[in-house]
S.K.: 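Please see the structure below; I have some questions.
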Amino acid sequence: MRWSRYFLYTEKEEPAEVEAVSHKYLLKGGFIKQVSAGVYEFTPAGFKVLRKVEEIIRKEMDRSGAQELLLSVLNPAELWKETGRWDSYGSELFKLKDRKGREYCLGPTHEEEITDLVRRVIKSYRQLPVILYQIQVKFRDEKRPRFGLIRGREFIMKDAYSFDADEMSAMLSYESMKFAYDRIFKKLRLKVIIAEASVGQIGGSQSHEFIALTDYGEAKVGYCESCGYAANAEIINLPKPQIQQEEEKPLQKVSTPGVETIKELSDFLNVPASKILKSVLYMVEGKKPLLVLIRGDREIDENKLEALLGTENFRLATDEEVESLLGTKKGFIGIFNLPEGVEVLWDNSLFGVKNLVVALNEPDWHYINANPERDFTYGKFADLSQVEEGDACPKCQSPLRVEKGLELGHIFLLGTRYSEPMKAYFTDRDGKEKPIIMGCYGIGVSRIISALVEQYHDDKGIKWPVPVAPFELLITCLNVSDQEQAQVSEKLYLEATEKGIDTLYDDREESAGSKFADADLVGIPYRIVVGRKVKEGKVEIQNRLSGERWDLPLEESIDRVKELINKDKQ
RNA sequence: CGGGGUGUAGCUCAGGUGGCAGAGCGUCGGCUUUGGGAGCCGAAGGUCGCAGGUUCAAGUCCUGCCACCCCGACCA
């Protein structure tokens with residue numbers, strides 16, 4: 001492809017209002033164009049990357065025995081009402097009506113559609129197991145789309161569904177998908193952690209997430225470098241610590257005027273935050289107000305709280321509610337003088353802490369050196385703390401690493417969550433009707449492109465790995481008005497194309513500096529620079545990923561590049 | 001959904017106290033240049049987010065709306 005005719009236009013200025021590196025370079029490099037919040041178009045170069053990613057996924061899915069199909073995007077409401085998700089999926093569903101008033105949604109995921117298709121076809125255990133998948137656009141009216149392709153309202157997803165006759169067979173399907181996913185991410189050259197995940201409201205017995213470690217991640221993953229354990233931080237259990245061995249000092253009431261935050265209190269009293277009792281009041285829908293107590297240096301994990309309460313309908317109490325319920329201000333909530341009708345939960349982190357600083361529900365005063373048994377009694381304990389770097393691994397007790405990442409894949413063993421309400425039954429060997437056991441397996445295809453840029457870039461631009469690069473080779477002719485350079489470039493371009501190298505030929509009438517800048521930004525892995533040295537019969541080869549450059553006789557250059565590309569593809 | 005911010009040329013932005021719509025980059029024409037976003041000359045390019053209001057006069061002041069970005073809670 002000649003760049004002078006190619007529909008790829010880079011930006012010289014940094015895109016405004018853009019935070020994530022991947023978002024910035026994809027826009028600046030001309031790979032995507034924004035249409036509205038969370039909606040993007042792919043230019044030819046962006047689309048080539050998308051295609052290459054899809055092909056890698058497709059190959060591995062096919063290899064695992066899954067069969068590709070294509071479901072509809074416009075989905076009738078009736079199916080979604082069968083599973084109850086027409087309402088429970090909430091305002092994230094894009095809903096619409098046809099001219100006759102019949103209701104539809106734009107598919108955000110396809111459990112309903114696939115289950116409907118399968119129940120109309122599968123009647124016997126002889127037809128099972130089967131795994132079906134598609135690569136297709138999905139629509140979710142996200143509350144907060146952001147970071148370009150990382151979270152869009154319209155995005156490309158690979159979704160697969162397994163159908164089995166029994167639990168054991170379903171487990172095998174699940175494992176085969178997990179294995180395929182592992183291969184897919186390796187082929188994509190992405191560093192990914194396979195983490196145990198919450199099954200959440202979807203239910204089922206098993207779930208894993210495939211998380212790429214990136215600066216702009218939205219998932220928090222804890223992993224252990226010594227035993228290999230990894231899990232989404234929200235499901236990592238933190239047990240009660242040992243009782244602290246420390247001399248109990250006398251309880252004392254001290255004046256702390258206007259000291260409201262843990263940080264201020266810690267500075268004011270010269271006491272570490274870990275010796276302060278933090279109290280947070282929640283209002284839970286349909287239940288008593290809930291006071292959560294946690295060590296001052298830790299944060300509450302509201303996902304854990306949600307799991308414990310069994311509802312997501314809770315929120316922090318407002319200043320007015322704290323005032324009317326406890327008669328105090330935020331910052332002075334404590335365990336003393338608590339009124340009736342307030343539920344109390346102790347986080348495990350507080351167990352056995354001696355000489356605590358505790359507020360007493362009276363503005364501007366705290367107790368210091370409060371001790372369990374002597375000054376107060378414990379209530380019900382639970383694990384509600386966010387996992388932090390250095391917490392003990394639940395498997396081997398080594399210190400955990402905690403990092404942010406991007407959830408690129410998520411697999412679930414669903415069980416009969418959809419087959420049961422939708423009556424997707426088959427007749428088993430014993431002649432009885434049973435619901436099909438299902439699993440579902442998603443990969444955020446367009447999100448993968450962002451993850452790749454997050455993991456492969458420098459301060460000049462993108463460094464695409466060969467298997468997903470928009471082109472494998474860029475031939476840069478530094479001065480197209482120089483006859484010799486132009487002729488050599490043309491010749492090399494033809495040779496490269498003949499030898500099957502996916503080549504972009506920069507034949508634009510631009511200055512050398514501007515061509516180099518574009519080349520670094522667009523990030524094609526190999527570059528042949530045709531410049532002054534053609535007079536000596538030489539061209540320069542550059543490797544974008546490693547930064548290496550070296551001169552070669554021009555007759556050898558294409559074969560050499562071909563070798564390097566083939567090596568990178570393995 | 002709560003909190004914060006921004007909307008002016010294709011892009012990045014400037015336009016105190018109301019008074020002729022601006023710059024740099026990009027684009028087009030011409031000349032010169034060609035190993036790290038070149039130089040000179042000339043030109044085109046605007047619903048100042050939208051609607052209403054105040055005023056002799058609104059990019060600027062007031063009201064309402066819309067869009068987009070960022071921080072938090074949820075999802076691939």
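Note on naming: letters A, B, ... go to the chains in the order of the sequence lines (proteins, then strands), and numbering restarts at 1 for each one.
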S.K.: Return the nearest nucleotide to the side chain of A/Phe412; candidates are B/A76, B/C69, B/U34.
M.R.: B/A76

S.K.: Both A/Ala219 and A/His23 contact RNA chain B. Which one's nearest nucleotide lies toward the 5' end?
M.R.: A/His23

S.K.: Roughly how many Å apart are B/C13 and B/C48, using the C1' atom of each and rounding to a whole number?
M.R.: 13 Å

S.K.: Mind calculating the distance between CZ (A/Arg527) and P (B/G35) to the nearest angstrom?
M.R.: 15 Å

S.K.: Considering residues at least two apart in sequence or located in another chain, which fulfil the side-chain hydrogen bond (donor to acceptor under 3.5 Å, both in side chains) criterion with A/Ser481?
M.R.: A/Asn479

S.K.: Which whole-number value in Å describes the distance from A/Arg151 CZ to B/C75 C1'?
M.R.: 6 Å

S.K.: Taking the nucleotide of RNA chain B with the closest heavy atom to each, which residue, A/Arg144 or A/Glu209, is nearer the 5' end?
M.R.: A/Arg144

S.K.: When you get a sec, tell me which of B/G36, B/U12, B/C75 is the closest nucleotide to the side chain of A/Ala16?
M.R.: B/U12

S.K.: Please determine, for the side chain of A/Glu11, which listed nucleotide (B/G36, B/A76, B/C11) has the closest atom?
M.R.: B/C11

S.K.: In whole angstroms, how far is the C1' atom of B/A73 from the CD atom of A/Glu142?
M.R.: 13 Å

S.K.: Stem ranges for RNA chain B, with three or more consecutive Watson-Crick or G-U pairs under 3.5 Å?
M.R.: B:1-7 with B:66-72, B:10-13 with B:22-25, B:27-31 with B:39-43, B:49-53 with B:61-65

S.K.: Which nucleotide in the set B/A76, B/C25, B/G35 lies at the smallest distance from any side-chain heavy atom of A/Glu540?
M.R.: B/G35

S.K.: Step through it carefully: locate the ring centre of A/Phe471, locate the ring centre of A/Trp3, and say whether they are under 6.0 Å apart.
M.R.: no

